There are 2 protein chains.
Amino acid sequence: MARPNQSEERRQELIPVLAKAFADLGYRRATTAALAERCGLRENQLYRLWPSKKAMFLASIDYLFEHTASKWRELLATEDARTPAERILTWEGEHRGETGLHRITFAGLNETNDPEVRDALCRMFQKFHTFITQQVQAQREGAHDAGQPDEMLTAWGIIGLGMMANITQELKLLNRDTQGQMVNEVGLQMLNAKRG
Amino acid sequence: MARPNQSEERRQELIPVLAKAFADLGYRRATTAALAERCGLRENQLYRLWPSKKAMFLASIDYLFEHTASKWRELLATEDARTPAERILTWEGEHRGETGLHRITFAGLNETNDPEVRDALCRMFQKFHTFITQQVQAQREGAHDAGQPDEMLTAWGIIGLGMMANITQELKLLNRDTQGQMVNEVGLQMLNAKRG
DNA sequence: CCCATATGTAAGTATATACTTACATTAATC
DNA sequence: GATTAATGTAAGTATATACTTACATATGGG
């Protein structure tokens with residue numbers, strides 16, 4: 001034998017670079033040439049690590065989800081005057097779109113004809129949804145008002161609010177402050193509101 | 001002169017076909033060959049009517065927005081026990097995604113590097129936002145509660161809810177009934193809620 | 001009928017780009 | 001230090017597809 005195979009380590013190092021490239025450029029404009037250049041490699045070196053561009057894309061989706069989720073877990077662990085759900089909302093309002101996860105999501109939503117891409121997106125949304133549903137339940141602490149939507153539906157609403165915040169950012173429809181205010185105010189309302 | 005030019009009429013006839021093609025296939029898979037075939041034409045005939053594929057795409061965005069907006073105006077005109085806003089929410093909960101506008105939106109969001117596409121999307125979202133803001137204002141009739149987000153922010157939240165409903169549909173994450181329920185319940189909550 | 005323009009048909013081109021191949025060089029293990 | 005797999009370099013290929021060109025045919029107005 002000679003020279004140990006370090007492919008796995010290389011992959012771990014490169015995935016954030018790929019994810020950023022897909023986030024910056026979208027799927028189409030993130031050509032294999034561009035990806036390789038950002039990685040400081042040649043195209044065929046990338047292809048030694050992943051079998052296809054699609055595989056690189058799927059790896060990026062998983063990575064960015066994990067990245068976001070671990071940030072959220074961290075927020076849950078720290079103590080604060082606010083509830084966990086409120087902390088996440090505030091943090092998202094302030095840091096919205098930093099990872100570029102949404103751009104990758106848009107790119108993925110354009111490729112939903114591809115079963116693997118579709119599955120990756122499904123898993124991602126499902127995980128977010130489970131996570132947020134738990135937070136909504138914790139926030140409401142069983143004090144379920146008569147007219148209030150159940151926690152699962154509210155959770156989808158909150159995810160939608162986040163998507164919309166990303167879109168308004170992408171299209172420069174709202175400035176950062178207004179965007180943060182939106183996520184905070186409308187999000188809190190969905191969390192806590194009672195029917196009038 | 002000979003033979004009157006009927007290009008404009010042809011365009012009007014064909015735009016719905018193009019829009020459906022983009023909605024079904026997304027931008028990338030809607031190749032010019034596919035577009036031409038669905039129109040029952042050759043590619044160069046399409047190119048006599050529009051200068052580029054992008055132009056066909058932009059025309060489709062405008063068309064689908066107008067299509068949706070006119071449906072909503074119709075809903076506003078009809079009388080009902082419910083308020084106008086409630087009527088739109090219910091209708092959207094039931095007919096969500098029929099036009100395929102959302103798929104075109106996703107495709108567009110992937111091409112936001114292109115200034116023309118970006119502008120078309122901005123115009124579309126702005127128009128929807130203006131429209132919905134008016135409905136929220138009408139619904140709340142100036143009875144603005146202290147903790148309630150202002151109507152413009154709420155309107156973005158409602159649009160986000162609609163986007164999310166489209167995504168859950170696209171990825172088959174929710175069945176139609178639950179989806180409609182989500183749009184209705186969470187939407188109504190955003191419209192009417194008072195802080196608990 | 002004429003003729004100018006619209007419409008139809010059938011190729012072709014140019015380019016981008018995902019992916020491959022061939023070969024040179026390096027470096028761990030024995 | 002020899003061997004062998006990993007890594008680096010530089011081309012090349014194959015294909016898809018947006019867009020074009022060349023030419024034939026139809027059709028309405030003078």
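Computed over heavy atoms, backbone and side chain alike; hydrogens, waters and symmetry mates excluded. The model shown is predicted, which means the values in this text are computed figures rather than measured ones. Proteins get letters first, then strands, A, B, ... in listed order; numbering begins at 1 in each.
At whole-Å resolution of the value, CG in A:Leu49 and P in D:dA6 are 12 Å apart. As rounded to whole Å, 13 Å separates atom C1' of D:dG8 from atom CG of A:Leu46. Whole-Å rounding puts the B:Met56 CE to D:dT17 P distance at 15 Å. Across the protein-nucleic acid pair, B:Asn44 atom CG and D:dC23 atom C1' stand 11 Å apart, rounded to whole Å. Between the CH2 atom of B:Trp50 and the P atom of D:dA18 there is a distance of 15 Å, given to the nearest Å. Between A:Lys54 atom NZ and C:dT17 atom C1' the separation is 17 Å, expressed in whole Å. Atom pair A:Arg28:CZ and D:dA16:P shows a separation of 17 Å (rounding to whole Å applied). Look at CG on B:Leu35: it is 8 Å from P on D:dA18, rounded to the nearest Å.
Side-chain proximity of A:Ser52 to the nucleotides C:dC19, C:dT7, D:dA22 is greatest for C:dC19. Out of D:dC19, C:dC19, D:dG8, the shortest distance to the side chain of B:Thr32 is found at D:dC19. With C:dA18, D:dG28, D:dC19 as the candidates, the nucleotide lying closest to the side chain of B:Pro4 is D:dG28.
Phosphate proximity of D:dT7 to A:Gln45: absent, as no side-chain N or O sits under 4.0 Å from OP1 or OP2.
Taking only distance into account, the side chain of A:Arg3 never meets the base of D:dA5 through a donor-acceptor pair shorter than 3.5 Å. For B:Asn5 against C:dT5, no side-chain N or O and base N or O form a donor-acceptor pair under 3.5 Å.
A salt bridge (charged side-chain N to carboxylate O under 4.0 Å, His left out) with B:Arg11 holds for exactly one of B:Glu8, B:Glu13, B:Glu9; it is B:Glu8.
Atom CG of A:Asp80 is separated from atom CH2 of A:Trp91 by 14.5 Å, given to the nearest 0.5 angstrom.
Mapped onto DNA chain D by nearest heavy atom, A:Arg10 and B:Tyr47 fall at different nucleotides, with A:Arg10 at the one closer to the 5' end. Mapping B:Glu43 and A:Gln6 onto DNA chain D by nearest heavy atom places A:Gln6 closer to the 5' end of the strand. Remark on DNA chain C: of its neighbouring residues A:Arg48 and A:Ala30, the 5'-side contact belongs to A:Ala30, judged by nearest-heavy-atom nucleotide.
Formation of a donor-acceptor pair under 3.5 Å by the A:Arg96 side chain with backbone atoms of A:Gly180 is not found in this model.
No cation-pi contact links A:Lys53 to A:Phe22, judged by a cut-off of 6.0 Å to the six-membered ring centre and 45° from its axis.
In this structure, B:Phe125 has its ring center at least 6.0 angstrom away from the ring center of B:His129.
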